[in-house]
Amino acid sequence: MPELPEVETVVRSLAPLVGRRIVSAEFRCRRVLRGGDPDQMAACLAGRRIASVRRHGKFILMSLQGGGYLVVHLGMTGRLLLSGDPGRHTHAILSLDRGVLLYDDSRQFGCIQFSQEIPERVLKLGPDALEVPFERFAAALRRRKTRIKALLLDQRFLRGLGNIYADEALFRAGIHPLAVASRVRAGRARRLWGGIHAVLSEAIAAGGSSISDYVDAEGRKGFFQVSHRVYQRAGAPCVTCGTAIRRILVAQRSSHFCPKCQKR
DNA sequence: ATCGGTACCTGCACGC
DNA sequence: TGCGTGCAGGTACCGA
């Protein structure tokens, strides 16, 4: 479910966690755990205080007082919730000195991990999609021969974009999802860089996109989905020219675009 | 090194 | 009503 704007919204809504002490932890599903068994992880967390909560791409990093991190990735359907009752897909329950933190994930594509240091797979990601300077972005584009849509989804190229915002940014830049990255001209590359920044910023301001079930830690839905210009609008008229939006597969992912406004 | 395809898992909407 | 199919914000891993 969650791309950069949704994860950012979740992280902001987790602000009440800072300063809380984890009284006890329970992990119910091995599959979403990374490294270590459930009991060992619970033992590592018990008694620790949460010092900070921040986002790194689509990862959520909770630093613990005295060292170590609770690292969470929401996958497609992961949720972190500050209230509610454990359900069928609740895989982690952290009892706090005040309140509770639940990790819920029906598809189990997400993960939760305790680690002394920030894991390598998190550190090796590319620059943040909201922070990358244009020159660095353009230089990296020039080096890659893959299709632009696939590249935007590659977290080692840029961290934070996912299927919704890649499609939306390409539309804003007038670039076809199958365009070869290295052949995108400077002018278009600048529009893409600007489009990425704009669409992510607007989506954060709207609390993210709630397509089916995404909510922040307080259970609030986002409303950026009503501002999507191409994503899941196949057959509907382009907001710019009226041409029917098309849907194709690129790198096995649905890609939505306007065949008239977006050139290869 | 880079690229493309597949696998992982559950739930929902749809057509028959 | 039930069943099969296709689709869904994700990454990881394999072979070419």
Side-chain angles (χ1 to χ4, degrees), chain A residues 1-11 28-35 55-60 71-80 87-91 103-113 119-126 129 140-170 177-183 196 199-200 202-204 206-216 220-228 230-235 247-256:
Chain A
M1 106 201 6
E3 305 181 33
L4 187 152
E6 291 74 33
V7 178
E8 179 65 27
T9 303
V10 168
V11 164
R28 300 179 164 183
C29 173
R30 279 200 108 87
R31 162 160 244 283
V32 301
L33 282 192
R34 279 227 158 211
R55 177 184 66 78
H56 185 91
K58 299 175 194 170
F59 284 88
I60 296 168
V71 181
V72 178
H73 194 291
L74 300 176
M76 291 277 248
T77 49
R79 294 175 168 195
L80 284 169
R88 188 140 79 100
H89 301 298
T90 303
H91 307 311
Y103 176 69
D104 224 89
D105 185 359
S106 64
R107 286 179 74 181
Q108 304 173 30
F109 284 176
C111 62
I112 184 162
Q113 170 182 21
E120 182 59 26
R121 72 197 169 99
V122 177
L123 291 176
K124 76 180 181 190
L125 302 181
L141 263 194
R142 264 179 261 127
R143 269 184 261 118
R144 301 292 224 96
K145 291 192 171 65
T146 190
R147 295 163 298 187
I148 188 73
K149 171 67 187 287
L151 187 58
L152 292 180
L153 294 177
D154 182 350
Q155 302 297 296
R156 289 164 310 183
F157 169 72
L158 206 58
R159 75 176 115 102
L161 282 183
N163 211 32
I164 296 176
Y165 300 105
D167 279 4
E168 293 296 319
L170 286 171
L178 290 174
V180 174
S182 60
R183 297 179 63 182
I196 289 170
V199 74
L200 294 178
E202 291 166 27
I204 290 171
S209 301
S210 290
I211 301 296
S212 61
D213 56 1
Y214 159 76
V215 290
D216 72 10
R220 294 175 293 236
K221 289 183 178 254
F223 50 91
F224 192 70
Q225 62 280 6
V226 301
S227 302
H228 294 171
V230 287
Y231 184 75
Q232 286 195 348
R233 291 195 64 245
R247 172 184 173 276
I248 60 172
L249 278 187
V250 183
Q252 316 304 121
R253 309 294 304 276
S254 276
S255 296
H256 313 78

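Here the structure is a predicted model, which is why all the values come from computation and not from measurement.
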Expressed in angstrom and rounded to an integer, what is the separation of [X] atom [atom1] from [N] atom [atom2]?
X: Leu4(A); N: dT11(C); atom1: CG; atom2: P; value: 11 Å
X: Arg79(A); N: dA8(C); atom1: CZ; atom2: P; value: 19 Å
X: Ile248(A); N: dC7(C); atom1: CD1; atom2: P; value: 14 Å
X: Asp105(A); N: dG10(C); atom1: CG; atom2: P; value: 13 Å
X: Glu120(A); N: dA12(C); atom1: CD; atom2: C1'; value: 15 Å
X: Gln113(A); N: dG10(C); atom1: CD; atom2: P; value: 20 Å
X: His91(A); N: dT10(B); atom1: NE2; atom2: P; value: 9 Å

Looking only at side-chain N and O atoms, does [X] come under 4.0 Å of OP1 or OP2 in [N]?
X: Arg253(A); N: dG10(C); value: yes
X: His89(A); N: dG11(B); value: yes
X: Lys58(A); N: dT11(C); value: yes
X: Arg121(A); N: dA12(C); value: yes
X: Arg31(A); N: dC9(B); value: yes
X: Ser254(A); N: dA8(C); value: yes
X: Arg147(A); N: dG4(B); value: yes
X: Arg88(A); N: dG11(B); value: yes

query = Is Asn163(A) reaching over with its side chain to a backbone N or O of Ser254(A), donor-acceptor style, under 3.5 angstrom?
reply = yes
query = Between the main-chain N or O of Leu153(A) and the side-chain N or O of Gln155(A), is there a donor-acceptor pair closer than 3.5 Å?
reply = yes
Would you say that [X] contacts [Y] through its side chain, given a criterion of any heavy-atom pair below 4.5 Å between the two side chains?
X: Asp154(A); Y: Arg144(A); value: yes
X: Gln108(A); Y: Thr77(A); value: no
X: Tyr165(A); Y: Glu6(A); value: yes
X: Arg147(A); Y: Leu178(A); value: yes
X: Val215(A); Y: Arg220(A); value: no
X: Phe59(A); Y: Val7(A); value: no
X: Leu74(A); Y: Arg79(A); value: no

query = With a centroid cutoff of 5.5 Å and a plane-angle limit of 30°, would you call Phe109(A) stacked on dC8(B)?
reply = yes
inquiry  = How long is the straight-line distance from OH of Tyr231(A) back to CZ of Phe224(A), given to the nearest 0.5 Å?
reply    = 13.0 Å
inquiry  = When the P atoms of dC14(C) and dC9(B) are compared, how many Å lie between them, rounded to an integer?
reply    = 16 Å
ask   = Will you find, in the side chains of Asp167(A) and His256(A), an N or O donor that is under 3.5 Å from an N or O acceptor?
value = yes
message = Nearest to the Thr146(A) side chain among dA8(C), dC3(B), dG11(B), which nucleotide is it?
response = dC3(B)
ask   = Base, sugar-phosphate, or nothing for Ser212(A), non-hydrogen atoms under 4.0 angstrom?
value = base
task = With heavy atoms under 4.0 Å as the rule, sort Tyr231(A) into base, sugar-phosphate or nothing.
result = sugar-phosphate
inquiry  = I want to confirm an ordering. Mapping Gln252(A) and Arg143(A) to their closest nucleotides on DNA chain B, which one lands closer to the 5' end?
reply    = Arg143(A)
ask   = For DNA chain C, what dot-bracket results from Watson-Crick or G-U pairs at under 3.5 Å, with [ ] for crossers and | for inter-strand partners?
value = .|||||||.|||||||
task = Scan residues 148-162 of chain A against DNA chain C and write down, sorted by residue number, each residue with any heavy atom closer than 4.0 Å; if none is found, say none.
result = Gln155(A), Gly162(A)
